[in-house]
Engineer: 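One structure coming up, written as structure tokens, with questions to follow.
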Amino acid sequence: MLLNGFERQTLSVVPREIAKPSASHILLEQANIMFETQIIHTEHKDVIHDVAYDYYGQRMATCSSDQYVKVWDQNEQGVWSVTSSWKSHSGSVWRLSWAHPEFGQVLATSSFDRTVSVWEETVGEKTNPAMPPLKRWVRRTNLVDSRTSVTDVKFAPKSQGLMLAACSADGVIRIYEAPDIMNLSQWTLSHEISVKIPLSCLTWNPSMFRLHPAMIAAGSDDSSQSTGGKVFIFEYSENARRWAKTETINSITEPVHDIAFAPNVGRSYHILAVASKDVQIFNLKPILDPTANSRLEIQPAAQFGDHYCTVWRVTWNITGTMLASTGDDGCVRMWKMNYLKNWRCAAVLKAENSESAPETSEYVLRVQRGPYPENSWRILRRYNDFASLNKCLQISGIDLSFPGKKLIGNMRPDFIAERLNALQEYINQVLMNPILASSLPTKKFIDPDSYSTPFHDLALQYASMSLRTDGVYTLGQSLGPIGWRLRKHYFKVVHKPQGNKHSPGHSTTKHHLIKSSSQSHGKQHTTQVCVTTSTEKDYNSSTRDHSGRDDLILSWTEFGPDRYIDEKDIHTVLKNFGGVQHPYIVPIEHIASNDSGALVIRKFYKQGSLKDVLCSASPCNPFLSKYGSPKGRTPLPLKDLALYARQILEAIRFLHSKGMACGHVHCGNVIVVDGIAKLMDVENFIFGVPSFYRPFFVQHSKINTCEAIDVYGFGHLLYEMCMGYPLQDSYARQISDCPDSLKSLLESILSKDACKSSLPTLDQLTTHPFFGEYAGHFNDLYATTIAVQKPHLKFSTSAKEQLKLAVQKTENRVREEQRSVKNQKRLVRVQEMMTSEEEKKKIKQKAKHEQKQAKLRAQNSLQLNNGPSTTGPSGMAATVHLSSSTGGIVKSDSANSITSPQEALMSPPPHATDSGGSCSPQPPPSAPPIPGPPSSLPLFPPDTGSSSAPGKLAKSISGDESTGGNGNRSALLQSICNFNKSGLKKIGPSEAGE
């Protein structure tokens, strides 16, 4: 919900008309002839989700992910100041709504903590005559009927009484009513409307006409296309005394982020605005015929894609004649209907930082995923958006060629074209780097619709709920984006104090839940550094808590597309897997799951993963800073490399012997403790999340089994341990700087031939000569180890069947993707062949054209040399030839201006016309005289007889063709010059026919 073109602390708001969610500052634009900009420092510590004005537009309320609500008052000079600020919920506050002033100063808030709170402002006694009386906001009631996040709340129009409606992610609209407006602590749940898909927003119809029944419209942000329409209309029936769905707008299939009815001051129909991928306006005309199948006639009035991106808010003015909308393009666009009932854009308000020069250039990014054009979209970005992305990616330390900002002359067409090329080069650099391309800032930049979900907030909610029911652990602060998965989040977790007499869900331990700034709503890197620094200090200073136990780390992972275990059986499978014991597998302290994902608690190792050791990085630093441009890379000694590799091989073999694949073998999932390498995150196969090397092995159709995938990942792990840096391609083109035995092992897995044919099995790898050479004692060591710590992993019969089925389905899906990739490559090759054929045709046509032009030039040259001389005033000859490609006259540098003897051969000698007259060539156009030839080669020597001329010409041509030297060319030219046209014999028509 950020305005991506602004700093983190700005928000675009039009007074009383629209409130656009952004971060912790607010930028106000007053709707006058000239717009004045004013920055308000709200001191919110997180993203602002909603801004609402009261009925008179003199008070404003803001809510944020920092769980606070702030109320602002405007004085006579137009200056806004905060008058109240309080913590309202235990989760992010999504929306707030003001009640009509007839009922007092009343606010309703909805939150991620699944509650709706009603607040009333109370006025205390006036203790100081010079000071205004103290005011404070009191929570009158807390509505806890929802089981999921409450996404929106709205008070009903005054004509309906003191009522409010709330919608939640469980797909239910709940309508509450206050029986006594003087006692706001009593609210009755009067109606529940089930929609069966998650809801994101709702709106009351503010029409005050009695002929119009009470009406509510709700929208869903469900991204699934199979659910159909995303906007639903409900009406209240006085006879049945219940709410019923009357219409579904099936034309809206994209996620809906906001919805608003226009105030009705005399129209016979209703107007509804919807904020989705575009701005859409609908006319809802009541059908008075009681026998009709529908109660409303829905007519699309307008649809605007001017934002070129996601639209987040729509709101109307008080008369319902003008609509305002905001989107990720950073603009507030005003829409107004003319007298022909056509909607047009009346104004565009760009909320720019007042300290910077205005920047109005906008760039359209066309993004396509895969080879099919239908899977493409376009987004609108400005230079500030690119600058914000670059600022987020600077933490990686990768040098990117980002064009600098220019304050003067930045609107010149040549500069805009130059900047366009520079930005194209910049975004290409970002997307070509796998670490930068997989980061959340980049994902949100190129695909905001798919990555606008608050992943971290969801993980925080699910993890806290799971631990609350468990009652053994307490959730601590977030570790930030230390991993590469966008839907996997890490938290510090500690044991609850012994002797806790409270119930499991009511821990008295006070702790802070700090969110990762880069994984929630696109926050800035500065907050990341603060969180990471404190976490790194806490974790690296000691690996034990106050009770003497080892520090623990919790990871919450959303289920992926390859999760093929049934929901009813996955709890059993995870419970069985939680008891895994193996000397080379990291043990699990606790594992639990719900419908969305699972959490795993393990011991925290301060040295980090094997990848952290190779890169000399701290494990608590953000993923981009650790691996984007590491300061040093240190390969492992050969003996350590062989020992660690054999240990990992035994762990993978153990899993496969139990019917379970790993599929996630890489340096980030290996921990080295006291010279022992241990594999972790092996439960990812059960979760169904994509493999780290999936983009690589889907390019090779022979790597289509779970064992082959693990062998392939093991090859990459071996390569990185050997070289100190990862292999950036799907196969190794050349392997050097290693012993022959290790080179042979790597080539058996990562060479192009191995990937095209078949990879060795796990058992074959254990017998490779490399391990016998550098880890020959491993078998004895392993036998001693398992005698002390016996491996254990036992699945129930149903769990074994589920795992077997999951392995089969995973392999089938891999094969389908490999076929798809193969077809894509085939299409690319066909396109390249077609392109090359077209290029060949063009080259061939160009060669023919040049040959034709050469013939014409040769013919013209012969004609010019056979014609009468044109002599300038100084008596020097002028020689020219015509260029047919341009139609111009080109001067010759010498008398030998014929390009080649072959071209001269193509010029026929003069002949008689049909009428028997002599046909002499036309004289060339006059030209400035050029220096004559040397005295040894006169232009026109004396006549030596007509009979010898043809023979000399033929001899010259023959000689030139046989030798091709410069002397023959001179002889040819001399023969041409000695030719006497007066010796030609005239012939009649009969002789010409012969």
Side-chain angles (χ1 to χ4, degrees), residues 1-6 12 20 22 253-255 257 275-280 302-314 325-335 343-353 356-393 400-406 409-432 436-437 439-452 522:
M1 297 183 181
L2 285 175
L3 292 174
N4 293 335
F6 301 91
S12 171
K20 172 68 176 65
S22 183
T253 58
E254 299 290 337
H257 306 293
S276 181
K277 190 176 182 180
D278 301 320
V279 178
Q280 301 187 49
Q303 181 174 355
F304 302 102
D306 295 35
H307 285 282
Y308 291 100
C309 57
T310 302
V311 183
W312 290 106
R313 289 289 186 270
V314 287
S325 64
T326 60
D328 279 337
D329 60 346
C331 298
V332 179
R333 300 181 184 270
M334 315 296 292
W335 313 95
W343 290 88
R344 294 289 183 268
C345 182
V348 178
L349 313 180
K350 295 180 180 293
E352 294 288 346
N353 195 327
S356 61
E359 180 75 28
T360 58
S361 299
E362 297 175 336
Y363 305 92
V364 178
L365 277 74
R366 291 175 175 85
V367 187
Q368 180 173 326
R369 181 180 288 118
Y372 305 108
E374 56 269 15
N375 192 15
S376 62
W377 63 93
R378 64 177 185 173
I379 51 179
L380 192 67
R381 292 291 184 232
R382 295 180 299 162
Y383 175 81
N384 286 342
D385 302 331
F386 287 90
S388 300
L389 174 64
N390 186 60
K391 187 175 182 180
C392 294
L393 299 181
L400 299 172
S401 59
F402 183 74
K405 191 176 184 65
K406 187 174 183 179
N410 55 5
M411 296 306 298
R412 298 199 317 268
D414 56 342
F415 174 77
I416 294 176
E418 180 182 353
R419 173 176 282 183
L420 177 64
N421 295 331
L423 292 177
Q424 181 68 62
E425 181 181 355
Y426 169 77
I427 200 66
N428 289 342
Q429 291 179 357
V430 171
L431 297 180
M432 289 298 292
L436 298 181
S439 64
L440 184 60
T442 304
K443 295 284 189 181
K444 296 183 73 172
F445 183 82
I446 63 176
D447 192 4
D449 291 340
S450 301
Y451 293 93
S452 59

Engineer: Would you indicate whether the side-chain heavy atoms of D449 and I379 approach each other to under 4.5 Å?
Structural biologist: no
Engineer: Would you say the side chain of L400 lies within less than 4.5 Å of the side chain of V430, judging by non-hydrogen atoms?
Structural biologist: yes
Engineer: Tell me whether the guanidinium CZ or amine NZ of R381 lies under 6.0 angstrom from the six-membered ring centre of F445 and within 45° of its axis.
Structural biologist: yes
Engineer: To the nearest 0.5 Å, tell me how far D447 CG sits from T442 OG1.
Structural biologist: 12.0 Å
Engineer: Checking the side chain of N428 only, and the main-chain atoms of Q424 only, is there a donor and an acceptor separated by less than 3.5 Å?
Structural biologist: yes
Engineer: What distance do E254 atom CD and T310 atom OG1 have between them, rounded to the nearest 0.5 Å?
Structural biologist: 9.0 Å
Engineer: Checking H307 against S325 for the side-chain hydrogen bond (donor to acceptor under 3.5 Å, both in side chains) test, could you report, in this order, the C-alpha distance in whole Å, the side-chain angles of both residues, the deciding distance, and whether it holds?
Structural biologist: CA-CA 9 Å; H307 285 282; S325 64; 2.9 Å; yes
Engineer: Sub-3.5 Å donor-acceptor pair from the side chain of N421 to the main-chain atoms of E418, do we have one?
Structural biologist: no
Engineer: Main chain of S401, side chain of Q429: is a donor-acceptor contact present, judged purely on distance under 3.5 Å?
Structural biologist: yes
Engineer: So, applying ring pair (Phe, Tyr, Trp, His ring centres under 6.0 Å) with Y383, which one of F415, F402, Y426, Y363 is it?
Structural biologist: F402
Engineer: Whether the side chain of S276 engages the backbone of P255 through a donor-acceptor N/O pair (distance < 3.5 Å, no angle test) should be reported.
Structural biologist: yes
Engineer: Please report the closest heavy-atom contact between P448 and I446, naming both atoms and the distance.
Structural biologist: CD-C, 3.7 Å
Engineer: Of the non-hydrogen atoms in L436 and S439, which two are nearest, and what is the gap between them?
Structural biologist: O-OG, 2.7 Å
Engineer: Specify the closest pair of heavy atoms between D306 and R333, including all atoms of both residues, with the distance to one decimal.
Structural biologist: O-NH2, 3.3 Å
Engineer: Is the shortest side-chain heavy-atom distance between V311 and D278 below 4.5 Å?
Structural biologist: no
Engineer: In Å and rounded to the nearest 0.5 Å, what is the CG to CD1 distance from L423 to I416?
Structural biologist: 11.5 Å
Engineer: How long is the straight-line distance from CZ of R378 back to CZ of R366, given to the nearest 0.5 Å?
Structural biologist: 6.5 Å
Engineer: In Å, rounded to the nearest 0.5 Å, how long is the span from CG of D385 to NZ of K444?
Structural biologist: 12.5 Å
Engineer: Does the plane of the ring in W335 sit parallel, tilted or perpendicular to the ring in F304? Use 30° and 60° as the thresholds.
Structural biologist: parallel
